Amino acid sequence: ANFIGAVQAGRKGRLKRDEAALLCYNSTEPRLFASPGRRTLARMAQRGDGLFDGSVYSGAVAQALGLVDGVGEMSTELQRRYGRAVRVVRVEPEAPV
């Protein structure tokens, strides 16, 4: 619950609960009805279906649902934010894990 609360607070209303619930509904096994009723969708959105249920999305879909701000490459984004002098140093484990 702490993680979910932190994500909700950090995303400040950017999460698209209804869209995520509908995507979740449509991605499960075939159903009797093509689309959920309003109450079903509202219940799924309230539970966080599609957002906090372990669903995995591509970067573009995650961005559309409000889970991420953008899609990019880490080094490029760090340089954009902090200047071209930023260098990313990769740290490897001392011994194979």
Side-chain angles (χ1 to χ4, degrees):
N2 290 337
F3 173 76
I4 293 172
V7 171
Q8 290 172 333
R11 300 310 297 162
K12 296 182 183 148
R14 291 176 280 185
L15 295 174
K16 309 287 191 300
R17 288 179 165 276
D18 290 344
E19 290 88 341
L22 185 58
L23 186 60
C24 181
Y25 182 89
N26 290 331
S27 68
T28 57
E29 57 194 73
R31 306 214 181 240
L32 180 60
F33 301 104
S35 60
R38 286 184 307 205
R39 287 190 296 185
T40 299
L41 186 61
R43 188 171 48 253
M44 292 176 73
Q46 179 65 31
R47 282 194 314 244
D49 290 5
L51 292 176
F52 305 113
D53 63 351
S55 295
V56 177
Y57 300 111
S58 69
V61 174
Q63 186 174 3
L65 295 177
L67 289 167
V68 299
D69 292 327
V71 180
E73 193 271 325
M74 183 178 66
S75 296
T76 304
E77 180 61 18
L78 288 171
Q79 287 179 353
R80 185 188 70 76
R81 290 183 186 192
Y82 305 110
R84 295 183 53 80
V86 168
R87 298 289 178 251
V88 176
V89 177
R90 299 192 188 278
V91 178
E92 299 293 329
E94 291 179 18
V97 179

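If you're wondering where the values come from, they're calculated on a predicted model, not measured in any experiment.
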Q: Would you indicate whether the side-chain heavy atoms of Leu15 and Leu67 approach each other to under 4.5 Å?
A: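 Leu67 vs Leu15: side chains touch.
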(Q) Just so I know, are the side chains of Gln79 and Arg87 near enough to count as touching, which here means a heavy-atom distance under 4.5 Å? (A)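 Yes, side chains in contact.
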Rounded to the nearest 0.5 Å, how far apart are [atom1] of [X] and [atom2] of [Y]?
X: Asp49; Y: Leu23; atom1: CG; atom2: CG; answer: 11.5 Å
X: Arg14; Y: Gln63; atom1: CZ; atom2: CD; answer: 11.5 Å
X: Leu65; Y: Arg17; atom1: CG; atom2: CZ; answer: 12.0 Å

Q. When hydrophobic residues are tied together by side-chain contacts of less than 4.5 Å, even through go-betweens, does Phe52 share a cluster with Tyr57?
A. yes
Q.
Please determine whether residues Val7 and Leu51 belong to a single hydrophobic cluster, defined as Ile, Leu, Val, Met, Phe, Trp and Tyr linked transitively by side-chain heavy-atom distances below 4.5 Å.
A. yes
Q: Provide the closest heavy-atom pair for Leu22 versus Leu41 in the form atom of the first, atom of the second, distance.
A: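 Distance-wise, the nearest heavy atoms are N-CD1, 3.6 Å.
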Q: Can you see which heavy atom on Met44 is nearest to which on Ala21, and at what distance?
A: CE-O, 3.5 Å
Taking distance alone, no hydrogens or angles, what donor-acceptor pairs closer than 3.5 Å link side-chain atoms of residues 70-77 to residues at least two apart or in another chain?
{"from": "Glu73", "atom 1": "OE1", "to": "Ser75", "atom 2": "N", "distance (Å)": "3.3"}
{"from": "Glu73", "atom 1": "OE1", "to": "Thr76", "atom 2": "N", "distance (Å)": "2.9"}
{"from": "Glu73", "atom 1": "OE1", "to": "Thr76", "atom 2": "OG1", "distance (Å)": "2.9"}
{"from": "Glu73", "atom 1": "OE2", "to": "Ser75", "atom 2": "N", "distance (Å)": "3.3"}
{"from": "Glu77", "atom 1": "OE1", "to": "Arg80", "atom 2": "NE", "distance (Å)": "3.1"}
{"from": "Glu77", "atom 1": "OE2", "to": "Arg80", "atom 2": "NE", "distance (Å)": "3.4"}
{"from": "Glu77", "atom 1": "OE2", "to": "Arg80", "atom 2": "NH2", "distance (Å)": "2.6"}
{"from": "Glu77", "atom 1": "OE2", "to": "Arg81", "atom 2": "NE", "distance (Å)": "2.8"}

Q | Set of residues satisfying side chain to side chain donor-acceptor pair (under 3.5 Å) with respect to Asp53, sequence neighbours excluded | A |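 Expected list: Ser55.
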